[in-house]
Novice: 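To start, I am sharing the structure in question, which I have written as structure tokens.
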Amino acid sequence: MYGSPVHVACIMDGNGRWAKQRGLPRTAGHTAGEENLAAVVRSAVRLGIDHLTVFGFSTENWVRPRQEVRHILGLHKKLFGRVAELNELNVRVRWIGRPFDDPAARTPRYVQRAIAKAIRDTEANTGMTLTVAFDYGSRTEIAHAAETLRRAGRDITVEAIDSALYEPDLPSVDVLVRTSGETRVSNFLLWQAHGAAISFASAAWPDYSADDLRAAVDLALTSRDQHR
Ligand code: FPP
């Protein structure tokens, strides 16, 4: 739709602050964040975005209070369970993160099953690809790729690393969004985001809107035109 595929990647920050401002527990912010993600997926489809990748849970997030971790895991089950909605939108689901058989991986079985089912039940869809990063860290991903190549006795080139990432088909990121006024990069898609525009939004993730998303896509397209 935009001449070549557009890939938007979101660091969904500020759920906790959103809740605090309303006198609510942090978990309520995450619940609102998951609901807004479903709305953002609908907006992304309407805007003709080809790839939407979101940072759902990082390799570092396991140290959060146990009750908060449990709540976020439950929300992933809910998100991956939205198969009927995703099929209606013709959205295909993918996942990136530490392989479940990695000795350091901690993803519980019920989340593993929800991820596998969502991937299976949406794989025939031909519209937007929604990739959820769960138990994901970009530096771990790059180290894993290099280690895979080393074990296979392969040279470590840019192309070889590309081919050994968790999801080699994931295209380069056009625009990296971070919400909640946080002007930092994160441990998210560091390899894939080379040359990406960065869109810092002041809204907390639960308030991130279709207009914010459109502004991010416009930024990506403008900077792509300027650097062609
Ligand atoms: C940041 O808010 C968000 C996360 C730690 C990830 C969890 C994201 C969601 C639950 C929303 C999307 C849902 C799914 C299932 C992918 P924060 O807690 O860091 O906020 P704060 O910086 O205000 O404390």
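Order of appearance sets the numbers: ligands from 1, and atoms from 1 within every ligand.
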Novice: Compile the protein residues with any heavy atom at a distance under 4.0 Å from an atom of ligand 1; present them by chain, then by number.
Specialist: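 Correct list: M12, D13, G14, N15, G16, R17, R26, H30, G33, E34, L37, G56, N61, R64, L75, H76, L79.
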Novice: Parallel, tilted or perpendicular, judged at 30° and 60°: which one describes the rings of W205 and Y208?
Specialist: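 Parallel: the ring planes of W205 and Y208 meet at under 30°.
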Novice: With sequence neighbours left out, write down each residue that passes salt bridge (Lys or Arg N to Asp or Glu O under 4.0 Å) with D135, or none if nothing qualifies.
Specialist: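 So D135 forms a salt bridge (Lys or Arg N to Asp or Glu O under 4.0 Å) with R98.
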Novice: Can you confirm whether the side chains of N187 and S58 place a donor and an acceptor under 3.5 Å from each other?
Specialist: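 No.
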Novice: What class does the angle between the rings of H51 and H7 fall in, given that below 30° is parallel, 30 to 60° is tilted and above 60° is perpendicular?
Specialist: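 Ring orientation, 0 to 90° scale: tilted.
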Novice: Would you call the rings of F188 and F55 parallel, tilted or perpendicular if under 30° counts as parallel and over 60° as perpendicular?
Specialist: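 Parallel.
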Novice: Taking the inter-plane angle between the rings of F134 and F57 on a 0 to 90° scale, is it parallel (under 30°), tilted (30 to 60°) or perpendicular (over 60°)?
Specialist: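 Correct class here is parallel.
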